[in-house]
Amino acid sequence: MVMKTNGFVDGILPDELKKVLRLVGSEWGDVVDDMESLQVIPLKGAMTNEVFQINWPTKCGNLDRKLLVRIYGEGVEAFFNRDDEIRTFECMSKHGQGPRLLGRFADGRVEEFIHARTLSAADLRDHEISALVAAKMREFHNLEMPGPRTVLLWNRMRDWLVEAKSMCSAKCVKEFRLDSLEDEISMLEKELSHDYLDIGFCHNDLQYGNIMLDEETRSITLIDYEYASFNPVAYDLANHFCEMVANYHSETPHILDYNKYPGLEERRRFVDTYLSSAGLQKLTADVNGALTMGKQPSEDEAVLLLHEVERYTLASHLFWGLWGIISGYVNKIDFDYMEYARQRFRQYWLRKKRLLGSSDNHVNGYVAYGTGSG
């Protein structure tokens with residue numbers, strides 16, 4: 001088995017990982033004993049972790065067992081508590097969501113291999129796939145998860161702001177206007193917190209690499225719950241829309257094209273599907289291939305959610321802008337985190353007045369956002 005990453009050395013399988021794999025193999029009982037025969041295939045899609053598919057030959061000789069090894073990225077302890085994330089992972093598994101946890105070692109974990117493909121940036125714009133994602137989000141948000149239904153978003157940003165300021169030079173603090181962000185976070189919390197907003201268990205990082213599609217069953221699986229927590233569901237939708245401007249597998253993965261932000265019609269279609277889904281329902285296609293659900297949301301309900309989602313894009317820009325700054329100091333992956341942060345903060349300051357300003361910025365009840373840059 002050859003693996004070179006994050007402390008792994010060519011041709012050497014770490015002893016701790018060997019022990020975990022042997023335990024998994026003993027439960028299966030049908031795999032070959034020679035661990036050097038394992039085939040390791042690097043997988044794309046993860047932003048901070050490194051992920052590998054392991055093909056383990058079976059004794060019958062014509063089949064492989066598959067599993068996934070995830071190597072944790074450097075510096076992630078600045079963003080979340082790994083034990084909390086593992087508890088979420090295990091709870092998701094009990095709910096029938098995502099892969100099963102097969103074992104843990106110091107630098108990562110071993111997971112069940114999901115026989116599905118990771119979405120691409122283009123897939124998010126496919127009407128059918130987007131509808132499947134919307135319905136899956138509703139199901140995810142409705143999950144009964146342990147702990148209080150307390151919004152984590154604002155305090156997490158405050159913690160990240162302290163972390164970012166502790167790392168940055170005076171020049172960096174000035175460039176990113178970090179000294180003003182405490183007030184911005186408090187202002188957003190006041191402006192965007194309403195009793196009528198639905199609070200659900202949110203993924204909080206629904207970029208295309210964290211969404212998998214089974215081509216045969218057309219079922220969606222959401223993976224990687226590192227940032228998952230209770231939050232307003234409007235924030236999760238807003239964050240998903242913001243991710244539509246990214247292509248992390250291009251020649252310039254850090255560059256965001258805000259001309260690709262979904263327009264009003266596309267956002268409305270997503271929101272309608274989300275609201276009309278009970279989460280556990282199956283989408284069906286009519287003779288024209290159009291996806292239909294059950295009861296359609298009222299106009300007022302859809303307009304209100306669209307309005308709040310647009311305003312929550314501001315929180316998404318600050319959230320991932322801070323993430324970008326910290327990642328620039330702690331993560332060694334070949335990605336221009338600082339330039340990514342600049343783009344997110346630039347969008348925040350460009351859109352703040354428009355999204356929180358007067359009613360002149362609204363068209364027929366919607367926030368006029370995303371027809372050009374976003």
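Everything numeric in this text was worked out from a predicted model, so none of it was measured. The analysis underlying the following values was restricted to heavy atoms, covering all of them including side chains, and did not include hydrogens, waters or symmetry mates.
Looking at D123 and S120, their side chains do bring a donor and an acceptor atom within 3.5 Å of each other. Looking at Y208 and H240, their side chains never bring a donor and an acceptor atom within 3.5 Å of each other. Under 3.5 Å, the side chains of D236 and N231 contain no donor-acceptor pair of N or O atoms. Defined by atom type and a distance below 3.5 Å, a donor-acceptor pair is present between the side-chain atoms of S229 and N204. A side-chain donor from one of N239 and W320 sits under 3.5 Å from a side-chain acceptor of the other. A side-chain donor from one of Y274 and H141 sits under 3.5 Å from a side-chain acceptor of the other. Side chain to side chain, Q53 and Q39 fail the donor-acceptor criterion of an N or O pair below 3.5 Å.
Ring geometry, Y340 versus Y248: the interplanar angle falls from 30° to 60°, so the pair is classed tilted. Below 30°, between 30° and 60°, or above 60°: for Y337 and F335 the angle between ring planes is between 30° and 60°, a tilted geometry. Ring geometry, F140 versus H203: the interplanar angle falls from 30° to 60°, so the pair is classed tilted.
Geometrically, R109 does not engage Y72 in a cation-pi contact, judged by NZ or CZ lying under 6.0 Å from the ring centre and within 45° of the ring axis. A cation-pi arrangement is not found for R344 relative to W323, the charged atom failing to lie both closer than 6.0 Å to the ring centre and inside a 45° cone about the ring normal.
Nearest heavy-atom pair across I129 and R218 is CG1-NH2, 4.1 Å.
Judged by distance alone, with hydrogens and angles left aside, the side-chain atoms of D64 form no donor-acceptor pair with the main-chain N or O of K66 at under 3.5 Å.
Salt-bridge annotation for D179 and K165: present, with a side-chain N of the basic residue lying under 4.0 Å from a carboxylate O of the acidic one. A salt bridge links E265 to R269: one of the charged nitrogens lies within less than 4.0 Å of a carboxylate oxygen. One finds a salt bridge joining D272 and R268 here, because a Lys/Arg side-chain nitrogen approaches an Asp/Glu carboxylate oxygen to under 4.0 Å.
Ring to ring, F319 and W160 are close: their centroids are under 6.0 angstrom apart.
The CG atom of L305 lies 10.5 Å from the OH atom of Y196; values are rounded to the nearest 0.5 Å.
Listed by chain and number, the residues in a side-chain contact (heavy atoms from CB on, under 4.5 Å) with D300 are S298 (sequence neighbours excluded). Partners of E184 by salt bridge (charged side-chain N to carboxylate O under 4.0 Å, His left out), not counting sequence neighbours, listed by chain and number: K352. H95 meets the ring-ring contact (aromatic ring centres under 6.0 Å, His included) test with no other residue; sequence neighbours excluded. Applying the ring-ring contact (aromatic ring centres under 6.0 Å, His included) rule to F241 yields the partners F270; only residues at least two apart in sequence or on another chain are considered.
The hydrophobic cluster of L63 has no other members, since no ILVMFWY side-chain heavy atom comes under 4.5 Å of it. The hydrophobic cluster around M212 extends to I114, I223, counting ILVMFWY residues whose side-chain heavy atoms fall within less than 4.5 Å of a member.
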